[in-house]
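Worksheet: the structure to be examined is printed underneath.
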There are 2 protein chains.
Amino acid sequence: MTEAAASSRSGSGALTKEAIGTAARRLFARQGYAATSVRAIAAEAGADPALVIRHFGSKERLFLETVAIEGRFDHVTSGPLESLGARLVESLLTEAPELTFSTWRAMLRATDSDLVRSRLIAAMEEMFIEPLAPRLSGPDPELRARLVAAAISGLLDAVAILADRLIVEASVEQLVDLYGRSIQALVDG
Amino acid sequence: MTEAAASSRSGSGALTKEAIGTAARRLFARQGYAATSVRAIAAEAGADPALVIRHFGSKERLFLETVAIEGRFDHVTSGPLESLGARLVESLLTEAPELTFSTWRAMLRATDSDLVRSRLIAAMEEMFIEPLAPRLSGPDPELRARLVAAAISGLLDAVAILADRLIVEASVEQLVDLYGRSIQALVDG
DNA sequence: GTCCGCTTGTCAACAGTGTTGACTTACCCG
DNA sequence: CGGGTAAGTCAACACTGTTGACAAGCGGAC
């Protein structure tokens with residue numbers, strides 16, 4: 001069609017779309033999906049509520065397009081297996097943890113939507129299960145990799161949603177030692 | 001409508017309140033908090049939407065009063081420590097799992113509400129952390145008990161929310177063996 | 001018997017939500 | 001200049017949770 005012409009024509013539309021996206025990202029991360037209204041996003045971006053829908057199709061698609069889990073754990077999952085549990089926990093807790101936690105919180109609470117749910121599943125599989133499963137030796141490597149992912153989601157729950165104070169305020173070394181050893185039991189099989 | 005009038009004449013409004021409660025419980029468990037409207041609950045109970053609010057105060061309080069985590073794991077947490085991980089996983093997977101899972105799903109998704117969130121935290125502490133922490137020996141018993149709770153919430157996530165097919169379809173013995181051993185590492189410290 | 005108070009229920013309305021369609025504006029190409 | 005199209009605006013729709021005014025039936029007091 002006229003996509004090339006349209007994109008080269010004028011940057012005005014793409015600019016406000018970008019503004020809407022960043023406003024949505026901020027509000028979704030801070031208040032969650034349900035508590036953030038399209039009108040609030042529009043106001044924050046200085047745009048009309050109808051324009052938000054016209055640019056992104058729906059509030060749900062706006063959420064999916066803006067708040068995405070993008071943690072990269074390749075360096076962890078590709079490292080030595082005997083220290084994987086510890087390195088996994090450390091990476092989760094130290095590398096841009098604020099982003100990881102708020103994203104987890106926002107997405108998990110929005111899993112009413114099947115689209116959000118399948119997106120979350122896909123992210124977990126891509127980040128942890130798929131890189132990990134083929135490397136595990138012993139019985140049921142795939143199942144064990146998925147249980148590792150379950151343990152990770154449990155840690156994210158504790159920090160991002162339940163906000164367990166003792167866990168949040170514990171030292172990274174302690175958590176790496178304790179929870180890392182627990183995950184390591186799944187890796188070793 | 002004549003039936004409702006008749007019931008109100010014979011006994012009390014507590015009957016219709018009960019009907020509203022069971023309708024709410026069913027719909028919340030099946031569709032979650034956000035997707036269930038007060039009007040749908042009222043229709044299912046054969047009552048007026050305004051009556052729902054008058055009886056329970058608000059949709060949020062209705063949710064809190066109807067869907068509550070009531071799992072009892074005393075027999076597990078008071079048993080022998082050396083097999084606690086395995087017995088915990090087995091108990092979670094076999095004892096009224098449908099109720100446990102749907103309740104976990106409904107509550108976790110509704111943690112936008114601070115009331116729901118603190119209720120969920122209280123339930124986890126009462127069911128797992130408080131009975132377990134004083135029994136653990138070694139360093140940081142409280143922190144380790146809370147990490148056990150985190151691991152549990154991860155397993156619940158995998159089954160109830162992410163609906164991980166390999167985990168759901170795995171045999172209880174496999175999960176007890178693998179994830180139980182992982183939790184046991186936290187218990188042993 | 002009549003009135004009062006109380007619970008139980010009904011109705012219409014409010015402000016807020018996501019979303020849609022009609023409409024205007026502004027721009028680039030021919 | 002004229003036409004087509006993307007960008008933006010506006011009012012409206014159906015829906016949400018919640019509220020206040022009001023009716024109906026009941027038990028007890030005088």
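Letters A, B, ... mirror the listed sequences (proteins, then strands); counts begin at 1.
The backbone N or O of A/Ile167 lies less than 3.5 Å from a partner atom in the side chain of A/Asp164, making a donor-acceptor pair. The backbone N or O of B/Leu166 sits nowhere less than 3.5 Å from a side-chain atom of A/Arg146 that would complete a donor-acceptor pair. A donor-acceptor pair under 3.5 Å is formed between the side chain of A/Arg117 and the backbone N or O of B/Ile161. A donor-acceptor pair under 3.5 Å is formed between the side chain of A/Arg135 and the backbone N or O of A/Thr77.
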Distance-only donor-acceptor pairs under 3.5 Å for side chains of residues 46-55 of chain A, two or more places apart:
unit_1	atom_1	unit_2	atom_2	d
A/Asp48	OD1	A/Ala50	N	2.9

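Listed by chain and number, the residues in a side chain to side chain contact (heavy atoms under 4.5 Å, CB included) with B/Thr36 are B/Leu27, B/Phe28, B/Gln31, B/Ile41 (sequence neighbours excluded). Contacts of A/Pro80 classified as side chain to side chain contact (heavy atoms under 4.5 Å, CB included), with partners at least two apart in sequence or in another chain: A/Glu82, A/Ser83, A/Arg87.
Annotation: the span from A/Thr66 atom OG1 to A/Phe56 atom CZ amounts to 7.0 Å, rounded to 0.5 Å.
For the pair A/Phe28 CZ and C/dG18 C1', the computed distance is 12 Å after rounding to whole Å. Here C/dT17 presents its C1' atom at 12 Å from CD1 of A/Ile41, a figure rounded to the nearest Å.
Of the residues in residues 106-118 of chain A, not one places a heavy atom less than 4.0 Å from an atom of DNA chain D.
A/Leu156 and A/Leu99 are members of different hydrophobic clusters when ILVMFWY side chains are connected at heavy-atom separations under 4.5 Å.
Here the shortest heavy-atom pairing between B/Tyr179 and A/Ala150 reads OH-C, 4.0 Å.
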* When you check every protein heavy atom under 4.0 Å of nucleotides 8-23 of chain D, what one-letter string (B, S, -) results, 5' to 3'? -> BSB-B---BBBB----
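Note on the helix from C/dG1-D/dC30 to C/dG30-D/dC1: angle between the axes of the first and last five pairs equals 30°, rounded to 10 degrees.
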